Amino acid sequence: GAVVSQHPSWVICKSGTSVKIECRSLDFQATTMFWYRQFPKQSLMLMATSNEGSKATYEQGVEKDKFLINHASLTLSTLTVTSAHPEDSSFYICSARDSRGDEKLFFGSGTQLSVL
Amino acid sequence: QKEVEQDPGPLSVPEGAIVSLNCTYSNSAFQYFMWYRQYSRKGPELLMYTYSSGNKEDGRFTAQVDKSSKYISLFIRDSQPSDSATYLCAMSLNSGNTPLVFGKGTRLSVIA
């Protein structure tokens with residue numbers, strides 16, 4: 001299957017700092033990528049849909065000024081958690097579809113964010 | 001009623017057992033159905049992908065879709081301890097850029 005690379009795998013930061021997470025599709029182009037967060041023993045919660053060359057679409061309740069998404073190319077989307085606070089600590093996962101393909105969605109390995 | 005219902009478990013079975021995982025859904029417009037396996041602190045891995053009603057088999061895994069009942073299943077034969085993970089069902093409308101709708105996931109433990 002297609003490969004989606006996400007890094008870093010984990011990050012620990014102080015409250016108030018910003019953290020950037022990268023998501024790359026390695027062997028396909030993705031006009032659309034999706035960002036999820038997941039709390040322990042919970043399912044995936046969609047945060048936003050990232051569209052190459054345009055603004056991201058955020059789900060209700062997700063602060064777009066806090067979670068900045070940039071999708072500058074067909075193979076790279078980034079999520080920046082600005083002024084992170086302990087309540088932002090979570091597991092963040094990106095996913096992507098092959099632009100030429102079907103409905104299959106491939107996921108990155110996830111990023112565990114811990115804000116102290 | 002939630003769009004996708006999935007029993008969270010946990011489900012514990014002995015090694016070698018046949019496992020049955022299920023999801024029901026309410027939106028008859030869903031066209032594509034998927035099963036993902038997620039190990040702890042890892043991203044979900046696509047296991048099975050189906051379109052339309054019927055069965056699809058891949059090794060020890062069989063995915064079943066019954067659109068008339070709005071019910072999908074994943075069967076795991078000869079379960080192994082390495083199958084211990086959370087299994088998420090997911091489904092999609094017939095539109096390229098819509099996000100998947102996920103079930104809550106079922107935690108499975110296969111005991112050696």
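Numbered from 1 within each chain, the chains take letters A, B, ... in sequence-line order. What you are looking at is a predicted structure, and each value in this text was computed from that prediction instead of being measured.
Every pair passing salt bridge (charged side-chain N to carboxylate O under 4.0 Å, His left out) that includes a residue from residues 60-70 of chain B is listed here, sequence neighbours excluded: B:Arg60-B:Asp83.
Of residues 71-95 of chain A, those residues lying under 4.5 Å from chain B by any heavy-atom pair are A:Phe91, A:Ile93.
A:Met33 and A:Leu113 are not part of a single hydrophobic cluster, where members link through side-chain heavy atoms under 4.5 Å apart. Note on A:Met47: it does not cluster hydrophobically with B:Val101, by side-chain heavy-atom contacts below 4.5 Å among ILVMFWY residues. A:Leu46 and A:Phe67 fall into different hydrophobic clusters, defined by Ile, Leu, Val, Met, Phe, Trp and Tyr side-chain heavy atoms under 4.5 Å apart, directly or through other members. Hydrophobic clustering (ILVMFWY, side-chain heavy atoms < 4.5 Å, transitive): A:Met45 and B:Met34 are in distinct clusters. A continuous path of Ile, Leu, Val, Met, Phe, Trp and Tyr side chains, each step under 4.5 Å between heavy atoms, connects A:Leu44 with A:Phe34, placing both in one hydrophobic cluster.
Atoms CD and OG, on B:Glu45 and A:Ser109 in that order, are 12.5 Å from each other to the nearest 0.5 Å.
Side chains of B:Pro8 and A:Gln42 form no contact here, defined as non-hydrogen atoms less than 4.5 Å apart.
Legend: residues meeting ring pair (Phe, Tyr, Trp, His ring centres under 6.0 Å) with B:Phe102, ordered by chain and number and at least two apart, are A:Tyr36, A:Phe107, B:Tyr36.
Pairing each heavy atom of B:Pro99 with each of A:Arg97, the nearest pair is C-NH2, 4.3 Å.
Contact count versus chain B (heavy atoms, under 4.5 Å) is highest, among A:Lys104, A:Gln112, A:Lys41, for A:Lys104. Of the listed residues (B:Ala90, B:Gly105, B:Pro44), the one with the most heavy-atom contacts under 4.5 Å to chain A is B:Pro44. Contact tally against chain A (heavy-atom pairs below 4.5 Å) for B:Gly103, B:Ser40, B:Gly43: the top residue is B:Gly43.
Only the side chain of B:Leu46 comes within less than 4.5 Å of a heavy atom of chain A; its backbone N, CA, C and O stay farther away. For a residue to count as touching a neighbouring chain, one of its non-hydrogen atoms must lie under 4.5 Å from one of that chain's; by this rule B:Gln38 touches chain A with the side chain only.
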Would you tabulate the side-chain donor-acceptor contacts of residues 71-79 of chain B under 3.5 Å, counting partners in other chains and residues two or more places apart, or write 'none'?
residue	atom	partner	partner atom	Å
B:Tyr71	OH	B:Asn22	OD1	3.1
B:Ser73	OG	B:Asn22	OD1	2.9
B:Arg77	NH1	B:Thr62	OG1	2.9
B:Arg77	NH2	B:Glu57	OE2	3.4
B:Arg77	NH2	B:Gly59	O	2.4
B:Asp78	OD1	B:Gln80	NE2	3.2
B:Asp78	OD2	B:Gln80	NE2	3.4
B:Ser79	OG	B:Ala17	N	3.2
B:Ser79	OG	B:Ala17	O	2.8

